[in-house]
Each structure stands twice: as C-alpha cells, then as structure tokens.
Asks: 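So that we are looking at the same thing, I have put the structure below in structure tokens.
Note that the numbering runs from 1 along the sequence shown for the chain.
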Amino acid sequence: MNLKDTLHSNPIFSLVAQTAHQMQRETYVVGGYVRDLLLKRSSKDIDFVCVGDGISLAKKVAENLKTQEGHTTEVAIFKNFGTAMVKREDYELEFVGARKESYQRDSRKPIVENGTLQDDQNRRDFTINAMAISLNNDSFGELIDPFDGVKDLKRKMIKTPLDPAITFSDDPLRMMRAVRFASQLGFDIAPKTFDALIDHAERLQIVSQERITTELNKIILSSPPSYGFKLLFHSQLLHQFFPEMVALQGVETIEGKSHKDNFYHTLQVLDNVSQVSDDLWLRWAAILHDIAKPPTKRFHPKAGWTFHGHEDRGARMVPHIFRRLKLPLDQKMKFVQKLVRLHLRPIALVKKEVTDSAIRRLLYEAGDSIEALMKLCRADITSKNHSRVKRYLQNFDRVEQKMQLVEEKDHLRNFQPVITGEDIMTTFNLKPSRVVGEIKSALREAVLDGKIRNEREEAYAYMLKIADKKGLTPKK
C-alpha cells in the first residue's frame, strides 16, 4: 500500500522528508497518526521516527520552517525521553530516534538503546499502532506493516505485535491502553491478548496511579463508556484500583427478594449521561452516584432491600476516592460530591405534590449545578418498564417547569441572604457567636419556606422578630 498522494495533501510531510534527506536520516511517520489516517479519523498529533538522533532532526525541521514561513518555531526538547516536539499551526510534531527497549521485572521504565525501524516497531504496544509510512526518497509513502495492522483494523481487533504476556509484563500500562483503544474505537480485544490481561492484571500495581487514571478518564469519555468498564471488570483490571466500583456488582436474594445489580445499573446511567453530555465530571458523578450502596445495603422482611442514606455516605466517600485515584480535589470534586449527595432529591419530588418550599431548597443547594443534576436524575431512570420510565420523565418535566417558575420569582440559584452576619452583629452590637449563626439560619429558612421574600425590608423586620424572642433589642 502506498499513501504518497495522501501525504502530499499536507505540506508538513514533504518538509520533514526534505529535511531528513538533507541530513541523510532514514525517517518514517509512525503510530497513532498512521492508524487514524487509515481509519479516516482526524488527528493533529504526528509522530516521526528516524534512524539516528530525533532531536537534531526536530531542530533542523524548525529551522526549515522558519526559512519557509518566516517566523521562529520553538522546539521543546525532552532529554529524559530522547524526544523533541515542534508545534506548527494545530499540529504537534514529535520526533524520536528509533530504539529498542528491554525491561526489568520491577519497573515499567525501559532500558533504551538505539535501534532500527524494525526494533522500534517491535516495541510498539499493538499491531494497529506498529505501522509506519516511509518518508524516504526511494520509498516515499510506502506503508510498512510487519504485524498485519491493516488486517486488524479491518477486523476491528486489538492485538499485541509480540507475545502479549511479554508486552504486558514489560509495561503493564499497556493493559489499560488495550481497553482504552477498544473502548474508543469500538474494537474487540483478541482472545490471547485478553487472556494475558487477566493473567497479568496484578502487574498494574507497579504503574503510577496518575497514568492509570489518565487512561481511565479516556475510557470514561469514550462512547459508550460502559464497554470499556466491562472490559476492565472482566479482565480484573478494575479490581486493582477501584474496589468500590467492583463491590457494586452482584445480586443477593433473600426470601425470594432480590435487588438489582448496581454495577450494571451504574454503567447504564453512565451511558445515559454520555448521550446528553461530554462533561467528564458529570460522567464521574454517574459512576459514583450509587457507590455507597454496598455498605448501606440492608434486608428487612417487609421492606425488602434498602440502601438508606447511600447518597450522604456516597458524598462522604467522594473525596477519599478522588484522592486515591489522583483526581483533582478542587471544584470538580465538589461538583461530583454535590451531585452524589443530591441525586435522590428530584426523584423524591416526583413522588408527591411539589411544593414551592421543596423546589426552593433544591435550587438553593444545587446552585449552578441544577441542570447537571437533572441530567443525572433523568439518566438514573433505568427500569425495563418503559411506561414507568416515561411516567418518571414526564414528572421530571413538571418539576423542571416548576423550578423555572420559582427561580424566575425568587432568584434562588446561588442565593445569598440580603441580611448578612455583619448586619446582625452591627444591629445588636454582637460579636461573632452562636446566636448570630442562629439568626442567619432562621432568616435563610424563612426565605426557603416562603415566609418572607429575600428583600431587605421584609428580612430586616423578620430579623427583629427572631431577635426579640431571644431577648435582643437593636442598639441605637
């Protein structure tokens, strides 16, 4: 197969080829860009391998770009990895010398030596990532595919070039990458390769959690994400770093009463969310919304299975899980925590007549996360009874209509009382104290219950009433 016509459509390949020829440097396009080119997927990351020093080639390419385009192009050099990167418009061009690698048992960091193109292809993780396109004058555009990567693309198959036991034992992160590529591309994992995932799952423990989580987030952002999680679960990879999610799997039956499998329910909720949002953190909220069901599970002869308080306990679990998985502990974590804590509230509202007070409290607690919360709640309706799902969704429509009316009237999103703690202390000549907090709380509750509007005149008069009951009088 020759792809020279395709390469000629992008002038960067001719420039790199000419530069490599000037330097008498055997050079190839390799890896993911080649794969995506054959799959007709757009890609802005282009990897070049040359036989020799890749960094010097990158520097010369940058010089030629300056000569050709008239502006300086920076070269980012990563000496530890022997690579260099050049940015051109939307493209990131990475250059590396061809190499061969060997590994020690207790580390995924290879011992690297200079090598040939064949050595470089041998070290690649999967056949679909081991293809190269020549940029050399005598073979420009020729596809070099020693492991039948094209065939595996057509078969939609993830397969290692060499023995998968060696590939995964050498660098266990490749096991996460196998699942990630399968999930992103909708490919199968070859049986022998999948068996090696199971056999070497525990080797994942030598990989840093940051690297594992990077791959996990890419799986979460794939479509549908449930496929990747099923592969992680059945390969035992998920068991190595996310035991709380593994614990959701399974159905227990007592006295003929069973609960649903919360692992597969969670995956359905995740897929439902992924159909309406690309937000990674909303998807994390879907993953964690029922995470505390195993520790809160109880059986009662009359009530059957219950999971009382799983939303509050789950919210308390979120920071610990985020910390262990090396996820951010900032507003993103707080957003997920809030949605986990509130995810039952809208569902409770559809089961009874909706009061303005209940709507106010939900708007107040959810703040700007209310739309995301409602997406999660809609996704959480996974019954096989289609009429029941339809009824719940219609009820959610009514709740959202009511929310809109209350919000327009009371402006409770990110609600801040017009009477502040400073106002209370000044009015009654108080220092910071418990009674100030009690008055603030009573004012907030009065607004949320609809007893007063959040306007200064009404709020001030109500504050005087509360204070009078506590024996306080305004200071002149």
Side-chain angles (χ1 to χ4, degrees), residues 1-52 54 57-58 60-69 73 75 83-99 116-159 161 177 180-182 184-187 218 222-223:
M1 183 185 296
N2 194 294
L3 299 162
K4 63 181 178 182
D5 291 340
T6 305
L7 294 187
H8 282 317
S9 67
N10 187 339
I12 194 63
F13 295 112
S14 296
L15 178 79
V16 173
Q18 290 165 12
T19 305
H21 182 66
Q22 287 172 7
M23 301 179 72
Q24 297 183 323
R25 192 75 45 88
E26 188 183 326
T27 301
Y28 305 85
V29 186
V30 296
Y33 185 85
V34 180
R35 176 198 70 229
D36 289 342
L37 187 67
L38 295 173
L39 288 173
K40 294 181 170 54
R41 297 172 84 221
S42 64
S43 178
K44 298 296 185 180
D45 299 332
I46 310 176
D47 292 340
F48 299 94
V49 159
C50 68
V51 179
L57 176 60
K60 190 65 177 175
V61 166
E63 285 180 23
N64 288 345
L65 276 171
K66 182 180 178 182
T67 301
Q68 190 179 84
E69 299 179 354
T73 302
V75 181
T83 65
M85 182 181 292
V86 175
K87 290 192 176 183
R88 180 185 181 271
E89 297 176 349
D90 294 337
Y91 289 93
E92 289 190 352
L93 318 175
E94 186 166 306
F95 296 83
V96 65
R99 56 195 180 183
T116 63
L117 174 66
Q118 184 179 359
D119 291 327
D120 202 87
Q121 288 178 299
N122 286 343
R123 74 178 182 83
R124 299 277 163 174
D125 50 9
F126 308 112
T127 60
I128 61 171
N129 294 334
M131 296 177 285
I133 303 173
S134 173
L135 295 182
N136 305 303
N137 281 1
D138 59 350
S139 57
F140 185 85
E142 181 182 323
L143 181 71
I144 301 154
D145 182 18
F147 303 109
D148 287 330
V150 171
K151 183 179 178 182
D152 287 334
L153 282 180
K154 290 177 179 176
R155 294 166 63 210
K156 295 189 173 184
M157 189 67 65
I158 304 296
K159 183 180 174 185
R177 286 169 58 83
R180 188 251 291 185
F181 283 122
Q184 286 180 327
L185 300 173
F187 281 21
K218 291 177 181 178
S222 63
S223 181

Asks: For residues L135 and F140, determine if any side-chain heavy atom of one lies less than 4.5 Å from a side-chain heavy atom of the other.
Replies: yes
Asks: Which atom pairs, one a donor and one an acceptor, fall under 3.5 Å between side chains of residues 144-157 and the rest of the protein, sequence neighbours left out?
Replies:
residue: D145; atom: OD1; partner: D148; partner atom: N; Å: 3.3
residue: D145; atom: OD1; partner: G149; partner atom: N; Å: 2.6
residue: D145; atom: OD2; partner: G149; partner atom: N; Å: 3.1
residue: D145; atom: OD2; partner: V150; partner atom: N; Å: 3.0
residue: D152; atom: OD1; partner: R155; partner atom: NH1; Å: 2.8
residue: D152; atom: OD2; partner: T127; partner atom: OG1; Å: 2.7

Asks: Could you walk me through whether L37 and I133 pass the side-chain contact (heavy atoms from CB on, under 4.5 Å) check?
Replies: CA-CA 11 Å; L37 187 67; I133 303 173; 3.9 Å; yes
Asks: Before giving the answer on side-chain contact (heavy atoms from CB on, under 4.5 Å), spell out for D125 and F181 the whole-Å C-alpha distance, their side-chain angles and the decisive distance to 0.1 Å.
Replies: CA-CA 11 Å; D125 50 9; F181 283 122; 4.1 Å; yes
Asks: Can you tell me how far apart CD1 (I158) and CZ (F187) are? Round to the nearest 0.5 Å.
Replies: 6.0 Å
Asks: How close do D120 and G97 get, heavy atom to heavy atom, and via which atoms?
Replies: OD1-O, 4.1 Å
Asks: Is any side-chain heavy atom of E63 less than 4.5 Å from a side-chain heavy atom of K60?
Replies: yes
Asks: Under a 4.5 Å cut-off applied to non-hydrogen side-chain atoms, are R41 and R35 in contact?
Replies: yes
Asks: Working to the nearest 0.5 Å, report the span between CG of N129 and CZ of R177.
Replies: 6.5 Å
Asks: Would you indicate whether the side-chain heavy atoms of V61 and R88 approach each other to under 4.5 Å?
Replies: no
Asks: CG of D36 to CD1 of I46: how many Å apart, nearest 0.5 Å?
Replies: 11.0 Å
Asks: Using the benzene-type ring in the case of Trp, are the ring centres of Y33 and F13 under 6.0 Å apart?
Replies: yes
Asks: Could you pull out every donor-acceptor pair under 3.5 Å between side chains of residues 14-26 and any protein atom, sequence neighbours left out?
Replies:
residue: T19; atom: OG1; partner: L15; partner atom: O; Å: 2.8
residue: T19; atom: OG1; partner: N64; partner atom: ND2; Å: 2.8
residue: H21; atom: ND1; partner: N137; partner atom: ND2; Å: 3.1
residue: H21; atom: NE2; partner: N137; partner atom: ND2; Å: 3.4
residue: R25; atom: NH1; partner: D53; partner atom: O; Å: 2.7
residue: R25; atom: NH1; partner: S56; partner atom: OG; Å: 3.0
residue: E26; atom: OE2; partner: Y28; partner atom: OH; Å: 2.5

Asks: Give the minimum heavy-atom separation between V75 and A62, together with the two atoms involved.
Replies: CG2-CB, 3.4 Å
Asks: What residues, two or more places apart in sequence or in another chain, satisfy side-chain hydrogen bond (donor to acceptor under 3.5 Å, both in side chains) together with E94?
Replies: none
Asks: Who passes side-chain hydrogen bond (donor to acceptor under 3.5 Å, both in side chains) against S223, sequence neighbours left out?
Replies: none
Asks: Roughly how far apart are Q121 CD and T116 OG1, rounded to 0.5 Å?
Replies: 8.5 Å
Asks: If the condition is side-chain hydrogen bond (donor to acceptor under 3.5 Å, both in side chains), which residues does T6 pass it with, not counting sequence neighbours?
Replies: none
Asks: Which distance, rounded to the nearest 0.5 Å, do you find between the CG of N2 and the CG of L143?
Replies: 9.0 Å
Asks: As a quick check of understanding, evaluate side-chain contact (heavy atoms from CB on, under 4.5 Å) for M1 and L38, giving each step before the final call.
Replies: CA-CA 11 Å; M1 183 185 296; L38 295 173; 3.8 Å; yes
Asks: So, for N136 and T27, which heavy atoms are closest and what is the spacing to 0.1 Å?
Replies: OD1-N, 3.0 Å
Asks: Hey, what do you get for OG (S43) to CG (D90), rounding to the nearest 0.5 Å?
Replies: 12.0 Å
Asks: Measure across A58 and V86 and return the closest heavy-atom pair with its distance rounded to 0.1 Å.
Replies: O-CG2, 3.8 Å
Asks: With sequence neighbours left out, write down each residue that passes side-chain hydrogen bond (donor to acceptor under 3.5 Å, both in side chains) with Q184, or none if nothing qualifies.
Replies: R180
Asks: Quick one, L3 and V29 - any side-chain contact, counting heavy atoms below 4.5 Å?
Replies: no
